[in-house]
**Student:** 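Below is one structure. I have some questions about it.
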Amino acid sequence: MRFLVLFVTLLIATFALVDAAPIDSAALARRGIKERVGGALRGARGLGGKGIRGAKGLVGRVRAKLSGGRGGGGAAAEAPAEIAHRILASIADARTLARLCCVYKHWSVPASYDVSDDATKEPPLWRNPRKDKASATPAGPNPLARLHYGSRPRDTAAAPRKAPWQGIASAPPPSPPIHIMARRSQVAVLRRHTPLLYLQLNFLLSVLLLALAPATPPVAAEFALVAQLFQLQDAASAATGAAPTAPSSTVPVNNAKLAWPTLQNATAYRVLLNTTTVVADNVTGNTVDVYDLPVGRPCNLTVLALNTTAPHLVIVDMSVTVQVTPFVPPAGVKYMVYDNSKPSTAALRSDVYSKTTGLYYSYLYETAANGSVSRLVEQTSPDGYTFTGNKTVLTGSVLCAPANYSCKLERIRFRVNPTTGNIVMWAHFERAQDYALGWVAAAHKAPGDAQLTFDGAYAPLGHDSRDLDFFADDDGAAYVLSATNTNTDMNVYKLSADWTKVDALLATINKGGFREAPSTVKGADGWYYLFTSRASGWLPSAPQVVAAKSMAGPWPAADAAQAVANAATFGAQSGGVAVLAVATNPPQQPAMAMFADRWSSNWPTPGGPTRRLMLPVNTNGGFAWYHFFRSVAYSDNGPSRADQALFGIQAGRIVSVGKPLTASDPSAALPLANDGTSSDPDAVFAPKTVPFWVTVDLGPAAAAIAQVDLTFKMVHGSETFVQYTVLGSNDAARFDLLANMSTAIDVGFSAAWPGGAATKYRYVRVAVDRVVNDVNNHEADFAAGVAEFTVYGLSADAGTTATVSSSRGVTTLPTATPTSVASSAAAAPLSRASGILASAAAAPLLRGAVALAWAVSGVVGFAWLLW
């Protein structure tokens, strides 16, 4: 019924909608009622379809007329009061009633008629095409004398011409003319046409309401949003350049990193706290840091996607709302700290637990001198952390028999089947000397058994299998996901009920994507997330994630996979994702961490010991993101809430994003070097020569520099490392050395932590001396480029700190005074019509009121017409 009423209202409005311009008599006279109706229907279809889509199209046209004048002449946008006055004046004008009479009752105006401004003249002969005759009304004042049917004089003695409603010629109107109200009094006509005027008035007022409130968010949120809480390192320890060894027990975890998918039609984003407080405005990227959230109170964060290029601010979409609760680290929880700047070990509890024995299990993989498997060793633990034992559960002679007694295992995964209670293993199986086989291997055992039962090594269902993941769902089903077709595609296999053999091929995903290192998790939202790395040998590569609501799919195509976080995975490759804590009462986002593999000792030009990076992961609605912190605090045995089990410790606040840049070799792409976007491999500033430098101006406030991150241009197959220095200055002429990275071998991403940063600097420069191809150790000036240059400051101006640091743009807001949507000065540039919308919370009520007004007016108006 709602769509029917809307469609009829649109149809009537197509006939009746007019602006303040005079009516063209010639055009009106040449169009008969059939042509009029046909054009209206074609116009309705042209509005963009039926129902709501059509209404959106009409509202868009009205907005264009209101802001730019007729014909898109580029007139300046009018104030809301002026627009309302003009539309209401147009509705109230007598010419509106005249057109209603002409169109709805099929009256037409003879083309030969013209009228002057003399109000004493009476209108000409008006013909009714249904009755094809006219009659006079009593003489009297002419209520329609203000109408102008064109300004060009006509020759009343011209030859007879056809009327649009007749197939015969009609003579010019006789003199004197007779009144339009043939055999009806003016009161009767007004009474009959008042419902149409009422409908038109209601429709125009509804369109006016929408046009003047263009910042109204959609009723249903359509894009995802994730948030990760983090703690700022205390300034004293950060100034030394040292990594924290433990989270501060007094510094709150009250800052959040937000991330969301980039929307094509959005030019800026606005972040709202609890729907009414603007905490970030004019954000042009898809990530933002929000600082100093209130501790101990749930904070609801929402992102509005805006288009600021239109004459009126338009909200393209609205994100889902995510809730974070800032906290002070609980006194009774023991947090461990993972240092991402050096080789570290995560002390995580084993997830292989047997209810039968009450023990946790861990397995070691030992090799012989020739690289072949020697044995698998089982260890046990009562707490899941400290393991003892040296029990051989599978020998190399048994395991490697299918490969002529020389084999190796990679990506080994153990899980406990909740139905059988057995411990099950799946792994990638190859000959020790190469990767020619492409098989899987499986084994299982009951917790009390002495040996693993080897279930064989083979190509699953005839497909080659490379890197794999063994994923156990919470419903008791299990799956193997493996790279196939020599890493070109990826297969999803469902396992048998006991998890010991492949049962079926469910889907082939990432076709042609050349992905490897799969890792699968399930979020609290019920989505399945598959993280992968680009197949690129040992060097860093671009990470991706695809998501589906079922393991059988549908999964996104490879070219629709989501790029995650950083184009170089922060100098590593996407690896396994560990779930640290899950809270089900109430359901919460699991605490998850990506352990990205930095195979630096295996690089062609070695970059130091191999290590893993621990990157906190957040997922929501099919979207996933992770972040780089030098230090990550975690505990998988203690916090009562999952969101308190994992958080980053950041050296300072981001102070460089969106700030002015200069360079030794500037170009139009220079702003890409600090736009905050490091996940897009194409958003790169590429200088023409090497050496080169890039300098960011932090502004008069300056900052003591705590950390500098660099993401380099990625060239697949010829990745490079950059050797550089970090300099600071307060006059852009004399520079002090802050960090010497001239011997660094960091492929794709590098981070520097200046020590003793007591001095504030306004200008921070990265001076690049060499760009080297890691594969052949040759100069690679062709691959020079900076994708992102990020500076972290211990503090901004004395007594004032930036509350927001965002991708591609930054707005600094005072921390002492909350800013509201209705009154924020920061919101002013994006609020050209802010008087209608008080807050984002009012948007659903506003649209509901408009829809109700349309429905009620339609029913009442048509009932009135029938009466």
**Student:** Relative to the ring of W625, is the ring of F623 parallel (under 30°), tilted (30 to 60°) or perpendicular (over 60°)?
**Tutor:** parallel
**Student:** Can you tell me how far the NZ atom of K688 sits from the CG atom of D781, to the nearest 0.5 Å?
**Tutor:**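 Going from NZ on K688 over to CG on D781, the span is 14.5 Å.
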**Student:** What's the shortest heavy-atom distance between A442 and F454, and which atoms?
**Tutor:**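 For A442 and F454, the tightest heavy-atom pair comes out as O-CD1, 3.4 Å.
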**Student:** Could you check whether the rings of F570 and F749 sit parallel, tilted or perpendicular, using 30° and 60° as the cut-offs?
**Tutor:** perpendicular
**Student:** Taking atom types as modelled and ignoring hydrogens, do the side chains of E410 and Y435 form a donor-acceptor contact shorter than 3.5 angstrom?
**Tutor:** yes
**Student:** Would you sort out whether V772 and T605 count as a side chain to side chain contact (heavy atoms under 4.5 Å, CB included), showing the intermediate values?
**Tutor:** CA-CA 10 Å; V772 184; T605 303; 5.8 Å; no
**Student:** Check whether D467 reaches the backbone of A517 with its side chain - one donor and one acceptor, N or O, closer than 3.5 Å.
**Tutor:**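 Side chain of D467 to backbone of A517, a donor-acceptor pair under 3.5 Å: yes, one is there.
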**Student:** Can you see which heavy atom on M714 is nearest to which on A568, and at what distance?
**Tutor:** SD-CB, 3.6 Å
**Student:** Between Y493 and V440, is any pair of side-chain heavy atoms under 4.5 Å apart?
**Tutor:**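 A side-chain contact under 4.5 Å is absent here.
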**Student:** Charged N to carboxylate O below 4.0 Å: is that the case for K408 and E430?
**Tutor:**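 Judged by the 4.0 Å cut-off on N to carboxylate O distance, K408 and E430 do not form a salt bridge.
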**Student:** For S541 and S533, run side chain to side chain donor-acceptor pair (under 3.5 Å): C-alpha distance rounded to whole Å, both residues' side-chain angles, the deciding distance at 0.1 Å, then the answer.
**Tutor:** CA-CA 6 Å; S541 64; S533 170; 2.7 Å; yes
**Student:** Does any part of the side chain of S465, heavy atoms only, come nearer than 4.5 Å to the side chain of Y458, both counted from C-beta?
**Tutor:**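 Counting from C-beta outward, Y458 and S465 never come under 4.5 Å.
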**Student:** Between S344 and K342, is there a donor-acceptor pair closer than 3.5 Å when you use the side chain of the first and the backbone of the second?
**Tutor:** yes
**Student:** Which atoms form the tightest heavy-atom contact between Q544 and A561, and what is the distance?
**Tutor:** OE1-CB, 3.2 Å
**Student:** Which is it for F712 and V768 under the side chain to side chain contact (heavy atoms under 4.5 Å, CB included) test, yes or no, and what are the steps along the way?
**Tutor:** CA-CA 11 Å; F712 312 130; V768 175; over 6 Å; no
**Student:** Give the ring-plane orientation class for Y528 versus F471, where under 30° counts as parallel, over 60° as perpendicular and anything between as tilted.
**Tutor:**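 Judged by the thresholds at 30° and 60°, the geometry between Y528 and F471 is perpendicular.
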**Student:** Of all the heavy-atom pairs spanning A767 and W693, show the shortest one and how long it is.
**Tutor:** CA-CB, 4.0 Å
**Student:** Does V521 reach the side chain of M594, with side-chain heavy atoms less than 4.5 Å apart?
**Tutor:**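 Result no, sub-4.5 Å side-chain heavy-atom pair not found.
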**Student:** Ignoring hydrogens, what is the shortest heavy-atom contact between L698 and Y761? Give both atom names and the distance.
**Tutor:**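 What the structure gives for the nearest pair is CD1-O, 3.6 Å.
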**Student:** For F782, does the CZ atom sit with more than 12 other heavy atoms under 6.0 Å from it, leaving out its own atoms?
**Tutor:** yes
**Student:** Report yes or no: does S406 contribute a side-chain atom to a donor-acceptor pair with the main-chain N or O of R431 at less than 3.5 Å?
**Tutor:** no
**Student:** Among F629, F647, F628, which one satisfies ring-ring contact (aromatic ring centres under 6.0 Å, His included) with F230?
**Tutor:**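 Result for ring-ring contact (aromatic ring centres under 6.0 Å, His included) with F230: F629.
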**Student:** Distance only, no hydrogens: is a donor on one side chain within 3.5 Å (strictly under) of an acceptor on the other, for S372 and N370?
**Tutor:**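 Their side chains do not contain a donor-acceptor pair, so the 3.5 Å distance test is not met.
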**Student:** Roughly how far, to the nearest 0.5 Å, is the CG atom of L737 from the CG atom of L727?
**Tutor:**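 Spacing of CG (L727) from CG (L737) equals 6.0 Å.
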**Student:** Of all heavy-atom pairs between A572 and L613, which one has the smallest distance, and what is that distance?
**Tutor:**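 Minimum heavy-atom contact is CB-CD1, 4.0 Å.
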**Student:** Indicate yes or no: does D746 engage R598 in a salt bridge with an N to O separation below 4.0 Å.
**Tutor:** yes
**Student:** Look only at the side chain of T619 and the backbone of A624, and say whether a donor-acceptor pair between them is shorter than 3.5 Å.
**Tutor:**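 Checked: no pair found.
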**Student:** Are the side chains of V747 and W603 in contact, using a 4.5 Å heavy-atom criterion?
**Tutor:** yes
**Student:** Check whether any side-chain heavy atom of Q650 sits under 4.5 Å from a side-chain heavy atom of L232, and report yes or no.
**Tutor:**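 A side-chain contact under 4.5 Å exists here.
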**Student:** Measuring from atom CG of N740 to atom OH of Y724, what distance do you get when rounded to the nearest 0.5 angstrom?
**Tutor:** 10.0 Å
**Student:** Verify, without hydrogens or angle tests, whether S729 (side chain) and Y763 (backbone) share a donor-acceptor contact under 3.5 angstrom.
**Tutor:** no
**Student:** State the CZ-OG1 distance between F789 and T695, to the nearest 0.5 angstrom.
**Tutor:** 7.0 Å
**Student:** Taking K659's backbone N and O only, do any of them form a donor-acceptor pair with N674's side chain (distance below 3.5 Å, no angle check)?
**Tutor:**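 Yes; at least one donor-acceptor contact below 3.5 Å.
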**Student:** Answer yes or no: is there a donor N or O on one side and an acceptor on the other, between the side chain of D769 and the main chain of T725, under 3.5 Å?
**Tutor:** no
**Student:** Run the numbers on V502 and W426 for side chain to side chain contact (heavy atoms under 4.5 Å, CB included), then give the verdict.
**Tutor:** CA-CA 11 Å; V502 173; W426 283 86; 3.9 Å; yes
**Student:** Are side-chain N/O atoms of N773 and T720 paired as donor and acceptor at under 3.5 Å?
**Tutor:** no
**Student:** Quick one, D774 with L539, criterion side chain to side chain contact (heavy atoms under 4.5 Å, CB included). Give me CA distance, side-chain angles, the key distance, then yes/no.
**Tutor:** CA-CA 9 Å; D774 191 273; L539 292 171; 3.6 Å; yes
**Student:** Would you say Q233's side chain and A242's backbone share a donor-acceptor pair under 3.5 angstrom?
**Tutor:** yes
**Student:** With a 3.5 Å distance limit and no angle check, can you tell me whether T610 reaches the backbone of S601 through a side-chain donor-acceptor pair?
**Tutor:**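 Yes, T610 side chain to S601 backbone: donor-acceptor pair under 3.5 Å.
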**Student:** Does the side chain of D339 reach to within under 4.5 Å of the side chain of R630, using non-hydrogen atoms?
**Tutor:**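 Yes - at least one pair of side-chain heavy atoms lies under 4.5 Å apart.
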**Student:** So, taking the atom named CG in D736 and the one named CD1 in I705, what distance separates them when rounded to the nearest 0.5 Å?
**Tutor:** 11.5 Å
**Student:** Drop me the distance from I412's CD1 to Y365's OH, to the nearest 0.5 angstrom.
**Tutor:** 6.0 Å
**Student:** Between F721 and N777, is there a side-chain heavy-atom distance shorter than 4.5 Å?
**Tutor:** yes
**Student:** Tell me, do M551 and L481 make a side-chain contact under 4.5 Å, heavy atoms counted?
**Tutor:**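 SC-SC contact between M551 and L481 confirmed.
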**Student:** List the steps, then state whether side chain to side chain donor-acceptor pair (under 3.5 Å) holds for N566 with Y626.
**Tutor:** CA-CA 9 Å; N566 184 269; Y626 45 76; over 6 Å; no
**Student:** Under the 3.5 angstrom rule, does the side chain of E788 hit a backbone N or O of G676 as a donor-acceptor pair?
**Tutor:**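 A pair under 3.5 Å: yes.
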**Student:** For residues 508-516, run the donor-acceptor check on the side chains, cut-off 3.5 Å, and write out each pair with its distance to 0.1 Å, sequence neighbours left out.
**Tutor:**
from	atom 1	to	atom 2	distance (Å)
T508	OG1	N491	OD1	2.8
R515	NE	T532	OG1	3.0
R515	NH2	T532	O	3.1
R515	NH2	A542	O	2.9

